[in-house]
Amino acid sequence: MDLKGFDHPGRQAAGGTLPAGARSVKVMIAGGFGTGKTTMVRSVSDIKPLTTEETLTQASADVDNLIGVADKQETTVSLDFGKIGINEQLVLYLFGTPGQERFWFLWNGLFKGALGAVVLVDTRRLASSFRAIEEMERQDVPFVIALNVFPDSKDHPVEEIRDALDIPPHTPVVACDARDRESSRDVLIALIRHLKERSAVALETR
């Protein structure tokens with residue numbers, strides 16, 4: 001894939017159709033329950049995103065672990081979908097995964113055709129993202145770790161987080177605010193850079 005010019009986000013391709021000559025790429029937004037996946041898709045999408053959020057009820061209290069996210073009112077039950085043009089040549093289709101264990105069976109279908117993924121991590125609840133990271137490795141999907149900074153998050157060194165999550169050195173770990181469009185876009189650009197670097201290494205080893 002030719003990703004030349006991907007790091008010039010000021011020249012974005014928006015709207016409902018692809019510009020002439022543009023390439024589309026499927027990207028997953030994954031992570032544990034309540035890590036900010038829907039928020040990221042909403043903040044960065046050029047179009048009104050499709051979401052499948054339902055209100056959390058008392059009936060789900062025994063199956064959804066609300067520790068650390070007690071104020072959460074809604075949850076994704078299928079997927080979130082958005083779209084962002086990085087430049088005139090590259091458009092990303094964003095698919096947000098559900099975070100709760102009871103919806104993990106949907107992940108296999110969602111990941112088909114994905115070129116890469118963002119794994120959102122809440123540093124207050126690192127264990128909530130273990131399953132997502134394991135799934136990336138199991139399906140051999142290249143990914144970046146995005147540390148979503150919540151108001152009461154502690155400031156941990158990146159390498160400390162990397163060690164705690166057992167992330168290899170070649171996998172990027174970046175901080176972000178999923179509520180902020182520019183911050184979320186920067187995470188996606190970091191992913192595209194990572195994919196480009198992996199592609200270059202693969203070509204060199206042939």
Side-chain angles (χ1 to χ4, degrees), residues 1-4 6-7 9 23 25-41 43-44 68 79-80 82 84 86 90 92-99 101 104 107-108 110-150 153-180 182-206:
M1 172 181 290
D2 181 9
L3 300 178
K4 184 178 180 181
F6 73 93
D7 53 354
R23 296 286 301 275
V25 172
K26 181 178 181 180
V27 170
M28 305 306 300
I29 309 296
F33 180 49
T35 54
K37 300 177 295 296
T38 300
T39 299
M40 174 170 279
V41 173
S43 72
V44 81
L79 62 85
D80 299 316
I84 178 173
I86 298 297
L90 184 61
L92 306 184
Y93 288 103
L94 310 175
F95 290 76
T97 65
E101 184 174 355
W104 286 351
W107 282 35
N108 286 334
L110 288 175
F111 273 85
K112 289 182 179 178
L115 190 67
V118 172
V119 176
L120 274 167
V121 172
D122 180 351
T123 58
R124 305 168 302 174
R125 302 178 298 117
L126 290 180
S128 66
S129 292
F130 288 167
R131 171 66 170 78
I133 294 170
E134 290 173 356
E135 191 66 16
M136 301 303 118
E137 295 170 344
R138 185 182 74 82
Q139 300 210 32
D140 195 26
V141 175
F143 64 96
V144 300
I145 296 291
L147 308 177
N148 192 12
V149 180
F150 289 84
S153 297
K154 294 182 179 180
D155 186 16
H156 297 282
V158 168
E159 290 310 311
E160 185 178 302
I161 298 294
R162 183 186 296 278
D163 290 343
L165 294 173
D166 195 23
I167 302 299
H170 64 268
T171 299
V173 179
V174 297
C176 76
D177 182 343
R179 301 167 299 179
D180 182 78
E182 290 191 9
S183 182
S184 296
R185 185 187 61 194
D186 287 346
V187 171
L188 296 172
I189 291 173
L191 173 62
I192 298 301
R193 284 200 184 99
H194 180 49
L195 295 175
K196 184 179 180 183
E197 289 167 0
R198 281 174 54 99
S199 178
V201 170
L203 289 173
E204 289 174 0
T205 57
R206 286 183 180 178

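As the structure is a computational prediction, the values presented were derived from the model and not from experiment. Note: hydrogens, waters and symmetry copies are ignored here, and every other heavy atom, side chains too, is used.
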_Leu94 and Leu188: CA distance, side-chain angles, deciding distance, side-chain contact (heavy atoms from CB on, under 4.5 Å) verdict_ = CA-CA 10 Å; Leu94 310 175; Leu188 296 172; 4.1 Å; yes

Could you state the interatomic distance from [atom1] ([X]) to [atom2] ([Y]), rounded to the nearest 0.5 Å?
X	Y	atom1	atom2	result
Arg131	Thr97	CZ	OG1	9.5 Å
Gln139	Glu134	CD	CD	12.5 Å
Glu135	Ile133	CD	CD1	12.0 Å
Thr38	Leu120	OG1	CG	10.0 Å
Leu92	Ile86	CG	CD1	4.5 Å
Met28	Leu79	CE	CG	8.0 Å

*What residues form a side-chain contact (heavy atoms from CB on, under 4.5 Å) with Pro168, not counting sequence neighbours?*
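side-chain contact (heavy atoms from CB on, under 4.5 Å) check on Pro168 returns His170, Thr171.
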
*Residues two or more places apart in sequence or in another chain: which of them pass side-chain contact (heavy atoms from CB on, under 4.5 Å) with Ala175?*
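Residues passing side-chain contact (heavy atoms from CB on, under 4.5 Å) with Ala175: Val149.
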
Do [X] and [Y] have side-chain heavy atoms sitting under 4.5 Å apart?
X	Y	answer
Met136	Phe111	yes
Ile145	Val119	yes
Thr35	Ser128	yes
Leu165	Phe130	yes
Ile192	Leu195	yes

*Is Glu159 salt-bridged to Arg162, cutoff N-O under 4.0 Å?*
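Here Glu159 pairs with Arg162 in a salt bridge, since their nearest N and O are under 4.0 Å apart.
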
*NZ/NE/NH1/NH2 to OD/OE distance under 4.0 Å, Arg193 and Glu197*: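 A salt bridge is absent here (no side-chain N lies under 4.0 Å from a carboxylate O).
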
Looking at [X] and [Y], what are the two nearest heavy atoms and their distance?
X	Y	value
Val187	Cys176	CG2-CB, 3.5 Å
Ala178	Ser184	O-OG, 3.3 Å
Asp177	Ser183	N-OG, 2.9 Å
Phe95	Tyr93	CD1-O, 3.7 Å

*asked:* For Asp155, I'd like to know if atom CG has over 12 heavy atoms of other residues, nucleotides or ligands within 6.0 Å.
replied: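 Open: at most 12 neighbouring heavy atoms sit under 6.0 Å from CG of Asp155.
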
*Do other residues, nucleotides or ligands put more than 12 heavy atoms under 6.0 Å from Glu182 CD?*
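Not buried by this count: 12 neighbours or fewer within 6.0 Å.
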
Short question: side chain of [X], backbone of [Y] - any donor-acceptor pair under 3.5 Å?
X	Y	value
Arg125	Gly34	yes
Thr39	Arg179	no
Lys37	Gly32	yes
Lys26	Lys112	yes

